Amino acid sequence: VQLQASGGGLVQAGGSLRLSCAASGRTFSRYAAGWFRQAPGKERESVAAISVSGRYTNYADSVKGRFTISRDNNAKNTVYLQMNSLKPEDTAVYYCAADILGGLRTEYDYWGQGTLVTVSS
């Protein structure tokens, strides 16, 4: 599975961004997916995860109620992360990944390149 993340940028606190992760290669619809982030000097953390079907989602406590993960398993083969009410502490490089198991863990098999999100105060 090849993954391509996009949609990062500079936004003011309280604003919104939508990240996209386009998949190609093996049948993406057979994999769970997740979004992760890594801030400078910190370890990579799991932000949100979505099941194969898209029916089940999980979120880190720090983003619950503000971020929404979704996926389109049809022609677009894309996973999205809608980020609302952004805070300066959300500033990080965001990554998408795919895995057979999924869930809020970082040991995923396939990774995309990162996209930088910067939230100004």
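Not measured: the values here are computed from a predicted model.
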Once side-chain contact (heavy atoms from CB on, under 4.5 Å) is applied, do any residues pair with K64, and if so which ones, sequence neighbours excluded?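 Y59, D61.
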With sequence neighbours excluded, give me every ring pair (Phe, Tyr, Trp, His ring centres under 6.0 Å) pair touching residues 33-54.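 Sorted result for residues 33-54: F36-Y108, F36-W111.
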Salt bridge (charged side-chain N to carboxylate O under 4.0 Å, His left out) partners of residues 3-17, not counting sequence neighbours, each pair once: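 As it turns out, there is no salt bridge (charged side-chain N to carboxylate O under 4.0 Å, His left out) pair with a partner in residues 3-17 once direct neighbours are skipped.
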Sequence neighbours left out, cut at 3.5 Å: what donor-acceptor pairs do the side chains of residues 7-19 make with other protein atoms?
| residue | atom | partner | partner atom | Å |
| --- | --- | --- | --- | --- |
| S16 | OG | N84 | OD1 | 2.9 |

Please set out all donor-acceptor pairs under 3.5 angstrom arising from side-chain atoms of residues 92-102, sequence neighbours excluded.
| residue | atom | partner | partner atom | Å |
| --- | --- | --- | --- | --- |
| Y94 | OH | R37 | NH1 | 3.0 |
| Y94 | OH | D90 | O | 2.6 |
| D99 | OD1 | D109 | N | 3.2 |
| D99 | OD2 | L101 | N | 2.8 |
| D99 | OD2 | G102 | N | 3.1 |
| D99 | OD2 | R105 | NH1 | 2.9 |

What do you reckon, is CD of E107 surrounded by more than 12 foreign heavy atoms closer than 6.0 Å?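 Yes, the 6.0 Å shell around CD holds more than 12 heavy atoms from other groups.
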Ignoring hydrogens and angles, tell me if any N or O in the side chain of N77 forms a donor-acceptor pair with the backbone of T27 under 3.5 Å.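 Checked: no pair found.
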Verdict with reasoning, V79 to F28, per side chain to side chain contact (heavy atoms under 4.5 Å, CB included): CA-CA 10 Å; V79 178; F28 178 66; 3.2 Å; yes
Hey, could you give me the [atom1]/[atom2] distance between [X] and [Y], rounded to the nearest 0.5 Å?
X: E89; Y: S62; atom1: CD; atom2: OG; value: 9.0 Å
X: C21; Y: R71; atom1: SG; atom2: CZ; value: 9.5 Å
X: S85; Y: R66; atom1: OG; atom2: CZ; value: 7.0 Å

Closest non-hydrogen atom pair between [X] and [Y], with its separation:
X: T106; Y: S46; answer: CG2-N, 4.1 Å
X: V117; Y: M83; answer: CG2-CE, 3.9 Å
X: L81; Y: A48; answer: CD1-CB, 4.1 Å
X: A60; Y: L104; answer: N-CD1, 4.1 Å

Give every residue pair that meets the side-chain hydrogen bond (donor to acceptor under 3.5 Å, both in side chains) criterion with at least one member in residues 112-121, sequence neighbours excluded.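 Listed by first then second residue: nothing to list.
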Pairwise side-chain contact, F67 with T57, heavy-atom cut-off 4.5 Å (strictly under):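 No - every pair of side-chain heavy atoms lies 4.5 Å or more apart.
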Are Y80 and I50 linked, directly or through other ILVMFWY residues, by side chains that come within less than 4.5 angstrom of each other?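 They do not share one cluster, since no chain of ILVMFWY contacts under 4.5 Å joins Y80 to I50.
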